Amino acid sequence: MLTRILSKDLPRSRVLALLLIVLVLGLALAPFLVPGVKALNVAAKVLIFIALVASFDLLLGYTGIVSFAHTMFFGIGAYGVAIAFTRLGANWTALATGVASALAVSLLLSLLIGLFSLRVKAIFYAMITLAVASAFLTLASQLSDLTGGEDGLTFRVPQLLMPGFRLFEQDVLGVAVNGRIVTYYLIFLTVVLMFLALLRIVNSPFGRVLQAIRENDFRAEALGYRTVVYRTLSNVISAGFATLAGCLLALWLRYNGPDTSLSFEIMLDILLIVVIGGMGTLYGAILGSTLFLLAQSYLQDVLKLLGAAMEGWPLLPAIFTPDRWLLWLGLLFVLSVYHFPTGIVGRLRERAARPAARKTLKEPA
Amino acid sequence: MLQTENLTVRFGGHVAVNAVSCAFAPGTLTAIVGPNGAGKTTYFNLISGQIPASAGRVLLNGQDLTPLSAPLRTRAGLGRAFQLTNLFPKLSVLENVRLAVQAKAGAGLDFWRIWSDRRDLLEKAEQVLEAVALTAQRDADAASLPHGDQRKLEVALLMALEPSVFMFDEPTAGMSVDEAPVILNLIRKLKRDKSKTILLVEHKMDVVRELADRIIVLHNGELVADGLPAEVIASPVVQQAYLGVSPKEEAV
Amino acid sequence: MSEPLLKLEGVHTHIGAYHILHGVDLVVPANQLTMLLGRNGAGKTTTLRTIMGLWRASAGRITLAVNQDKTKRVNTKRVLDITQFQTPEIARGDGGGVAYVPENMGIFSDLSVKENLLLAARGARTVDDMDTARLEWIFGFFPALKKFWLHPAGKLSGGQKQMLAVARAIVEPRQLLLIDEPSKGLAPAIVQNMITAFKELKAARTTILLVEQNFNFAKQLGDSVAVMDEGRVVHSGSMQALAEDEALQARLLGLSLGAHG
Amino acid sequence: MTTLKDFDWKPLALVPVLALFALPAIGSPSTWLTLTVAGLAMGLIIFIIASGLTLVFGLMDVLNFGHGVFIALGAFVAVSVLGGMGSYVQAGSLWLNLLALLPAMLVAMAVAGALGWAFERLIVRPVYGQHLKQILITMGGMIIGEELIKVIWGPQQIALPLPPALSGVLYLGDAAVEKFRLLCVLVGLAVFTALAWTLNRTKIGLLIRAGVQDREMVESLGYRIQRLFIGVFVAGSALAGLGGVMWGLYQQSVTPQMGAQVNVLIFIVIIIGGLGSTLGALIGALLVGLMANYTGFLVPKVALFSNIALMVAILLWRPQGVYPVTDR
Amino acid sequence: QTGEIRIAQIHSKTGPLEAYAKQSNVGLVMGLSYATGGTMVVAGKKLVVIEKDDQGKPDVGKSLLAAAYADDKVDIAIGPTASPVALAMLPVAEEYQKILLVEPAVADSITGDKWNRYIFRTGRSSSQDAAANAIALDAPGNVIATLANDNAFGRDGVKASKDFIKKAKVVHEEYLPVGTTDFTAGLLRIVDKLKSEKGRKFISVIWSGSPTPFPKIAEMDLKNRYGIELATGGNILPAMVAYKQFPGMEGALYYYFGIPKNPINDHMVKEHQKQFNAPPDFFTAGGFSAAMAIVTALKKTNGDANAEKLIAAMEGMSFDTPKGKMTFRKEDHQALQSMYHFRIKADQAYAWGVPELVREIKAEDIDLPIRNKR
Ligand SMILES: Nc1ncnc2c1ncn2[C@@H]1O[C@H](COP(=O)(O)OP(=O)(O)OP(=O)(O)O)[C@@H](O)[C@H]1O
Ligand SMILES: Nc1ncnc2c1ncn2[C@@H]1O[C@H](COP(=O)(O)OP(=O)(O)OP(=O)(O)O)[C@@H](O)[C@H]1O
Ligand SMILES: [Mg+2]
Ligand SMILES: [Mg+2]
C-alpha cells in the first residue's frame, strides 16, 4: 500500500528512509514540537521549497533541462494569489480565482517558451530562460499598478487563515491553534499531495522517457519519442507545480514582491538544494530543502555565537560575524558541490548498495 | 514496400546522396555497399528522417513519409541501428531495451501508471536481451559494456522496436569473431519473416555474399549498380572502386 | 633488432570498483608489429589505455625503452618506467613519443580535418609548418582526407573518421603507435591501403601495437601476437605460428565458427 | 586561414546598419552622432569586461557565474593603487595620469589573475564539463569573493574619481565625447587585437576547443591541457580585472556588487557573439552598446529589455550566435 | 512587567544597503547611550537591543518582525532600511499591537495610505525631501527637468516635488531604470527639452542606487555647453564625492555633520570621530534620532512600554535630535523636522563636495500634507 503511494520508488537506503520519516513527522508536528513564530515560518518555507524544488527536479534532474525561469512560474503563482486577494478582497473565491488564473498564465507561458526555444542547444536555452526571467522580473517591478512595483503587495487572507482566528477555544498541547497553524496544515497537505503526484509522474512510463531524453535525446527520437513534445510537457508540468508552490508562498506570507518570489537568488537556492539533495531523486528535495533552509535561517545565529567566542582574535571576528553569513553560505555552495557530487540521497543510496555490489563482484569477471 | 524517389541531399556544395531511386520489397535483404563516404549512412539518415532531404521522397507502402519527423517515421515502421554506437549510456542494459519496447507499445505518454506495473513491457525486453545474448549484463550500465557488447545492444534496440523495415549500419563492426555470429544469426532469422524489409550496410564482403538477396552499390552519392550479389560483386565498378587493388599496392 | 621497446609486467587495472586487468604481461619488440587479439571484453582496450596513462595501473610495471639520441641512429637506449607518468609525458617521450588511436576514434568533431591534423603535429604552429611530403603520403592512402580538408570532422562518414584518427597518429613520426581496431568501418580497398601504410611505417622503424578483430588483417601484418582473455594475456608468440595452427585459433579466438575474417 | 572572400561579413555589417536605421528615427544628426559615438565607446567598454569571459565561457566552456567577482576585484584594486599614488592622479597632466593608471591596470590584472589561478584550482577544476555544477560552484565562489571584498574594503560604495586630464569632453563636430571613453576605445581595441592575434596565430584556441571536447585525446597527443586551461583561465580573469578598472573609472565609484550587476549583460554579449569568437564578442558588445543608447533615447521604457530582445533576435537569425566557433 | 525593555532593530545588515544599516545601528547605539547618560537604563528598566537582518527582503523583514514581537517579546521595533520592507512590515505591527518606529525608510505611503496607528517615523519622508528640494529650487523663471529612478521611490519623489513647486516650471520628467549604466541617452533627451528654454535651467535628480548619473552629468559639461545646472538632495558621503565636480550646486539635504549647530550634534560628531576616526553620516543621524525618540517617550510613560501608553505619549511629542527638535505629528506620526538648503563648495581638504548651509528650512516652512486616511 505504502509502496504504491510512493509509486514503488522507495528510499532504497535504511538511513535515508529513517531520515525521511523523521523529517516528515517533524514537519507534520512542527507547530507543536517547536512552537514559535520563527520556527513555524521556517517549517512552512521548508514545505513550500520541497514542492518548488521537486517540481524543478522534474525538469533538471529527470529531463536534463537547465532552466533559469523556474522562479518566474513561482512568482506567477505568488502574484496570482496576491493580486487576486488585493483586488477581490479576502475571500475564498479570490483564492480560487488567483490560483486558477496563475496556473493558466504559467501553463501558457511555459508552453510558449517550450515550443519556441527547446529546440536550441542546452546552454542557449539556459541563457534564454535567464534573460526571459530577468525581463519578467523587471516587468513585475515596472507594472506597479498591478503588482505594486518594488514595494510589492501586502494583503489580507480569509479570516480562517488570519493570525487572529482561533480554531479551538482551548490550547492544544499548550499551543493556541490559530489561523497561522490552519494555514500551515493547508500548506502541508497540499505539498504532500503535490509531492506524491510528482513521484508518480517520474516513475511512470512518461517519466522514464524523460530520463531517456536526458541521457541521449537523439537516440530517444530514433526510438520514436518526439522529444519536443516530452520536453515541452515536462516544462509545462513543472511550471504548473512551481506555480502552485508560489500560490502557497503568497498565502503563507500574505505578501508578495519581486524579490520575494522572482529573484535570481531564489533560483540559485533551488539549484543548490537540488544538487545537495541529489539530482533526479525527488527525495533529495525533502532533505535538501530542510538542510538548506535551516542553514539559511539559523546561520546568522550560529555565527553570532562563534563570533563572540573569537572576540579578540585578529581578522577572525570580521569573518565570523553574522554580517558575513553569506560568505559561509557561499562556502556551503562550494563544499556541497565538492562533497555531494550525487547529492545526499545519491550518497546514501550508494552506501546502501555497495555491500550488495561487493558480494556479486567479488570474484574476478 | 519501401521506396525512395530521387532522394537527394546537399551539404553546401557537396552532394552526399544524388537522386537515388530504389525500391525495397518485403522479404528481401538488400545489402548496400560502397566506399567510405559514398553516402550509405546518409542514405539511411534520409530514409529514417535524421536529416531532411534536399529533394525527393520516401514512401512506405505508398504513404509519403517525407514530411514526417524522425520519431514519426519510426512509428510508421522504420527502424534503425546506428553505425556509431548510440545508446543511453547511464541507463541499464535492460532499461535501454525496455525503452524501445515501450516506444513500440506507444506507452510513453502514460504518466499515471507505475512503469514497473507494465509487466508486459519488461518481459518483452527480457526476451530481446535473451535473443542477443546480453541477459547476463542486463543490470550493467550501457556505458560500461565493452565495445562489442555495445554493438549488440544497439541491435537489440532495433529488434525491440519490431519495425517493418530494418536498417542495419555495419552491425558487426568491431565485434569479435565469436560474437558476430550472434548478430548474423538474428538477421538470418529475421529474413525468414517474409513481411520484413531488411537493409544492411556492411563492408565485410563474405557476410554480404552470404546474407544478401540483392546488392546495391553507392558511389559518390549515386546508385551505380543494383542486382544479384554474385553479379554485382563481379562488376568492374565494385572490383575497382570498392574492393579495388589500390594503386599503392601496385606500386609496391 | 627485437629487444623489447615496451614491456608490461603483472599489470593490474581497476576501473572504479571493478578489477579489469588481472596481471597483464606483454612484450612489444622494437620495430615490429605486435597484434593484440581477444574476444569482446577481454581487456584489450583497457590495456592500451593503461599504457597511455589514461587508466592508472594499480599494480605492476610498464617500461618503455627510449632512444636517447634521435640524430645518431645508434642504440643508446634507456629504459623508463612510465607506470606513474602522466599521459602527456608518455605521449611526448624522448624518442619521438607514443601515438594512440582510441577505439572510439576520439576525433575533435568541432574542428576541421586540417585542425585535427595540425594538433596532432606537435612541431607545427600553423599548417605551413607541417611536413607536406608526409601529408601527401597520408593522402595517398586516405584520399578522402584531402577532399574534406576544411570540413568539420564531425560531419565525416564513419569510415572517414576512422581514417582521420589513424592519420592523426602518423602525421609525424613516432616511436610507438598504439592502435585500437583501425579497420572497423573501412571499405576493403582502404583496409588494404592501411595495411600498406603500416608496413611502410614498420620499415621506417616504427613499433606498432595493434588491437584487431579482423584476423585476416592481423595475419597479413603481425610479426608477433598476444591473445588476451579475462584481463590476462593467455598466449603470446609469433604471428606465423598462430596463423598456421588452426586448433590454437579455434581455442583462443573461436575462429573455427566462421569462415569469414 | 580564411581568405577575404570567405569572410562572413553579414554580422559585421549589422553594426553600421543598426546605426543607419537609427538616424531617421532620431532625427537630429548631432544627437545621433553623440549617441552613436557614446554607444560605440560603451560597446568597447563592455567588450573589455566581457573579453575575459570569451575565453572562460566561450572557449573553455566553463559557465563561470563568478566572473563578475574578478571585475569587482580589479576595480577595488584600482581604488587602492590609485589611492596610493595621490599626486600622479591629481596632477592635471595627461602623461602623469596615464602613468598612474598603467600600474593600476597592471596590478589589477595581476591580482585578478592570481585569484583566477586559485579559483581554477579550488573551484573550477573538479567541475569541468559539468555545466550545472559550474554554475553553482562559481556562484558560491562569487559570493565568497564578494564577501571577502567587503571584509577587506568594507561594504560601502567607494568613490573612484577620474584623474583630471581624463575627465571632460572632446568635441567631434557637434557631438561631445568624453575623453575617458576614447581611452576605453583604445584599450578595447588593444585587447581585441591581442586576443584575436593570439587565438588566430597560435594553437591555443584550437587546443582549448579540442580539450573541451575530449580532454583525454588532447593529452594523448602530448599536450599538458591542464596547464593550458589554468593559463587561459588566469588570462580570462586578468582581463576581467582590467575590465573592472575601466568599469570602475567609468562609473567613478565601486561597490562590491558591481560584478554581479554586469554578469547577465556580459553573458548576453558572449552568446550573441557565438561562444568563443573574439570578433563575435566585439560585435555583440557594440550592438548592445548602440542598442542601449538608441532605445534609451527613443523609447526608454524598452531600453531595459533591449539587450534581451537583441539576443533573442540574433538567436532567431543565427541560433548559435553571429560567429559560432564551436558546435556547442 | 519585567525589568527590561526590549527593542529590536530590524534592518538590512547584509545586501546592497549594508552600509546604510551599519550607520543607522551606530547612531542608534550612540543615541541610546547618550539619552540614558551611558546607563542604558530608563525609569529603572534596562534597555536591551536585539539586531536582526532583513537582508533587504520584504518577506524576511515581515517574518523577522513577527518573530521579534512574538518569540523575542520585544516591546518596540525600529527599522527597516528599505521602503518595500517597511511596507511589508506595517501590518505586522498592527496584528501584534506593538510600536514600529520606522527609520530610515522613506516611502510616503508608510505614513500615508498604508499607515496604521502603531507606526511612527523619525526618518524623513519622500515628501519632506521633495518639499525641501523644491523650496530650494522654486523661484520664478526657473525651468526644471527631473531625472529620477523608474520606480516607486523616483516617481513618488517627482510627484511630491511637483506638488511643492509653485513658481518654477517643470518641463520634463525623465525616468530611468535602476541599474542604468549609460546615461547618455536619458540626458540627451533632457538637454533636448531644456536647451531652448529661457531662464535658469536645472536638472533635478532624485536618484538612489549605484551607478549614479552624476559623473555623466559632469562629463557632459552641461553647464558650459547649455547653461544647465544640476540640483539634487543630500546623500551619504561616498556618494557626495561626485558633487565635488559641481561647485555651486544647490539643493536641500536631510543631514550633513557640519551643518546643524546644537549640543547633541556636537556630541555625536565628537564621539563618532573618536570611535571611528570619521565624521558621522546621513544614516547615523537617523539612528540617533530614533534612539532619542524612544527614550523620550519611555521617560514620559515612566518606563511603561505598553503600546497604548506609548502612542498616547508619542503623539504630538517633541524630542531633541542631532538635527534639532523634531515633533511627531498627531495625525500621521511623522516626525516633522528641519531640512537644510545647501550650496556645494569644492574643498581640497575633503574627498567629497562640501555642502554649505544656505538656509535652514524649518519644519513649519514645509507644508507637509497629511496623506493617511485617519
Ligand atoms: N568505464 C568502465 N566502467 C566499468 N567497466 C568497464 C569500463 N570500461 C571497460 N569496462 C569493462 O572492462 C572489461 C574490458 O573491456 P575492454 O574495453 O578493455 O575490452 P576489449 O577487449 O577492448 O573489448 P572489445 O573488443 O569489445 O573492444 C569489460 O568487461 C568491460 O565491461
Ligand atoms: N551533416 C553533414 N554535413 C556535411 N557533410 C556531410 C554530412 N553528413 C555526411 N556528410 C558527407 O557526406 C558523405 C557521405 O557520408 P556517409 O556517412 O553517408 O558515408 P558512408 O557511405 O556511410 O561511409 P562509411 O562507409 O565511411 O560509413 C561524406 O563525405 C560526408 O563527409
Ligand atoms: Mg557510414
Ligand atoms: Mg576494445
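All chains are named by letter (A, B, ...) in the order of the sequence lines, taking the proteins before the strands, and each is independently numbered beginning at 1. Side chains included, hydrogens not; waters and symmetry mates left out as well; all remaining heavy atoms used. As the structure is a prediction and not an experimental result, all values here were calculated from the model.
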Chain E neighbours within residues 256-272 of chain A, where any heavy atom lies under 4.5 Å away: A:Thr260, A:Glu265
Residues in residues 245-254 of chain A that sit under 4.5 Å from chain E, counting heavy atoms only: A:Leu253, A:Arg254
Side-chain donor/acceptor of A:Asn41 to backbone N/O of E:Ser63, under 3.5 Å: no
Heavy-atom donor-acceptor pair, E:Asp71 side chain to A:Gly36 backbone, under 3.5 Å: no
Heavy-atom contacts under 4.5 Å, residues 17-30 of chain E to chain A: E:Glu18, E:Lys22
Segment of E:Tyr96 engaging chain A (4.5 angstrom heavy-atom cut-off): side chain
Heavy-atom proximity to chain A below 4.5 Å, by part of E:Glu51: backbone
Inter-residue atom distance E:Lys62.NZ - A:Thr154.OG1, 0.5 Å rounding: 5.5 Å
Inter-residue atom distance E:Leu64.CG - A:Lys38.NZ, 0.5 Å rounding: 6.5 Å
Most contacts with chain A, counted as non-hydrogen pairs under 4.5 angstrom, among E:Ala88, E:Ala70, E:Ala82: E:Ala88
Electrostatic pair A:Lys45-E:Asp59, nearest N-O below 4.0 angstrom: yes
Interchain contact, A:Glu150 with chain E, by part (heavy-atom threshold 4.5 Å): both
A:Trp325 vs E:Gln55 side-chain heavy atoms within contact, under 4.5 Å: yes
Shortest non-hydrogen separation from E:Ala66 to A:Val37 and the atoms involved: CB-CG1, 3.7 Å
Residues, nucleotides or ligands: over 12 heavy atoms within 6.0 Å of A:Arg156 CZ: no
For A:Asp151, all residues meeting side chain to side chain donor-acceptor pair (under 3.5 Å), sequence neighbours excluded: none
